Amino acid sequence: MVVTQLSLEFRFQGKKLRGFSCELTRSPHGVLPESVLTTTCQVTIPILLSGLGMMTAGLVMNTVQHWSVFQEVKDLLTLVPPLVGLKGNLEMTLASRLSTSANTGQIDDCQERYRIISSNLAVVQVQATVVGFLAALASLLLGMVSREELDWTKVAVLCTSSVITAFLAALALGILMVCIVIGARKFGVNPDNIATPIAASLGDLITLSILALISSFFYRHRETWYLTPLVCVGFMAITPLWIFIAKQNPPILRSLPSFGGLILSRTISKHQFKGMAVLTPVICGVGGNLVAIQTSRISTFLHMWSTPGVLPVQMKRFWPNPCFIFCSSEINSVSARVLLFLVIPGHLIFFYLICLVEGQAVTSSKTFLLLYLVAGIIQVVILLYLAEVMVRLTWYQALDPDNHCIPYLTGLGDLLGTSLLALCFLLDWLLRGRADLAELVSELVSAPP
């Protein structure tokens, strides 16, 4: 499909036409081109801001893990990745849906804009309530793997904190996402490039901060036996109302981040994994943000130039050649290259800032830094390829990729990020141990008898 855009500019003096100019833009790829420079500029700033937000979330995590509530209620550490991941999905899918609506012109009409925004916010609220319970349940189930008995007081603190955190964060971030998408539309910026990373970064920071404060409050008042059940019953009572409002919208569920939480909780206190708490939100967040941007862009492309259930000619293959995904002249391939090129500079900036702020919290090994960068590249390459595959399969089944792809891809990003980061720490520890052993042997051999 060839798309042609004709831009006319008329010059008037008073009421008389004194001249005009026209500009013709043709695109053979089915969508008006967005230059590499434009895409890079629009993506880079939100990614850097999101990285700062995730870095701050990592620093907050590194601080609150020593609070008494996190020391006593061990499942809170396991709760962090599934809750932050599930909660972040709500904002990212909301941002992706709103971005698609903006780019296809659905929110240009005031009445339609109000209907779309109100229904989407209602969906997020019911999902947030359910997500809070699901995240707490996943944390408890994973915690039971290593413990036989449950302290029901701590279980109540865990569940209540999770539900309230998800609800409050969803309310604040949902309104913020609406403002960002509408503002981007008014200023001529592609919402696909900026909305999802901002949603992810602020979601991580705000969710983690609220969780720490809420859980500390309920842990201090754990002797007030009726407080936590009352809150849980209250949220359960209003859930049918949200379900009634949002019953036509598909649920967004994700289980992969729970295993990332299990990895985090098992490694965070071991000396060979020093810095795991600070770097986990960064590597998971960067991968999740980049794949969310790409997924949202591909979804918008399909919504604009195809029909659900019908794939464009150049996207007919469900398992495309990786070279086509990263090396062709197609518009989605160009954006994939831009996003991939941002990985190493972004991680280097965030790693330097973390070392600057929390020098004692992370290792300064050059070997670890190299392993960390390789892990970041591997994570993003896998995610970008799977994004293309999953969006095609979802669209072919007449499902909306905005709702169905981002949760699983960011969940896989969390799992890959946490696993690869733990592997980096382990390899660095083994290599340093071997180097120390070789140095010791050399000293013993060269020592005089």
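None of the values given here were measured: they were computed from a predicted structure. For the single chain, residues carry numbers from 1 onward in sequence order.
- A pairwise comparison of heavy atoms in Val157 and Phe218 identifies CG2-O, 4.0 Å as the closest pair.
- Here the straight-line distance linking atom CD of Gln294 with atom CD1 of Ile325 works out to 8.5 Å at 0.5 Å rounding.
- Counting only residues at least two apart or in different chains, salt bridge (Lys or Arg N to Asp or Glu O under 4.0 Å) contacts with residues 163-191 comprise Asp108-Arg185.
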*Check against side-chain contact (heavy atoms from CB on, under 4.5 Å), Val291 and Val380*: CA-CA 7 Å; Val291 74; Val380 173; over 6 Å; no
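- Residues satisfying the ring-ring contact (aromatic ring centres under 6.0 Å, His included) criterion with Tyr396, sequence neighbours excluded, are Phe318.
- Partners of Leu371 according to the side chain to side chain contact (heavy atoms under 4.5 Å, CB included) rule, which considers only residues two or more places apart in sequence or in another chain, are Thr367, Cys424, Leu427, Asp428.
- When only modelled atom types and interatomic distance are considered, Ser161 and Ser215 share no side-chain donor-acceptor pair under 3.5 Å.
- Screening residues 165-181 for salt bridge (Lys or Arg N to Asp or Glu O under 4.0 Å) gives no qualifying pairs among residues at least two apart or on separate chains.
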*Do Met315 and Glu330 pass the side-chain contact (heavy atoms from CB on, under 4.5 Å) test, and can you show the C-alpha distance, the side-chain angles, and the key distance before you say yes or no?*
CA-CA 10 Å; Met315 299 177 69; Glu330 293 293 328; over 6 Å; no
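- Heavy atoms only, all atoms of each residue included: Leu383 and Leu409 are closest at CD2-O, 3.5 Å.
- Here the CZ-CD1 distance, from Arg113 to Ile182, works out to 5.0 Å after rounding to the nearest 0.5 Å.
- Two residues are said to be in side-chain contact when any heavy atoms from C-beta on lie closer than 4.5 Å; Glu388 and Thr295 fail this criterion.
- For the atom pair OG1 of Thr207 and CG of Leu168, the computed distance is 10.0 Å after rounding to the nearest 0.5 Å.
- Just one residue in the list Leu98, Leu94, Thr100, Leu176 forms a side chain to side chain contact (heavy atoms under 4.5 Å, CB included) with Val181, and that residue is Leu98.
- Here Phe217 pairs with His221 under the ring-ring contact (aromatic ring centres under 6.0 Å, His included) rule; sequence neighbours left out.
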*I would like to know whether Val178 and Ile175 meet side-chain contact (heavy atoms from CB on, under 4.5 Å); could you show each step before the answer?*
CA-CA 5 Å; Val178 170; Ile175 296 174; 5.8 Å; no
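- To the nearest 0.5 Å, the span separating CG on Leu311 from CG on Leu393 amounts to 8.5 Å.
- Nearest heavy atom pair, residue Asn193 against residue Ile293, reads O-CD1, 3.9 Å.
- Between the Ser419 side chain and the Leu416 main chain, no donor and acceptor come within less than 3.5 Å of each other.
- In terms of the side chain to side chain contact (heavy atoms under 4.5 Å, CB included) criterion, residue partners of Arg317 (sequence neighbours excluded) are, by chain and number, Arg392.
- Remark: the Arg337 side chain and the Ser333 side chain contain an N/O donor-acceptor pair separated by less than 3.5 Å.
- Phe326 and Val381 get closest at one heavy-atom pair: CZ-O, 3.8 Å.
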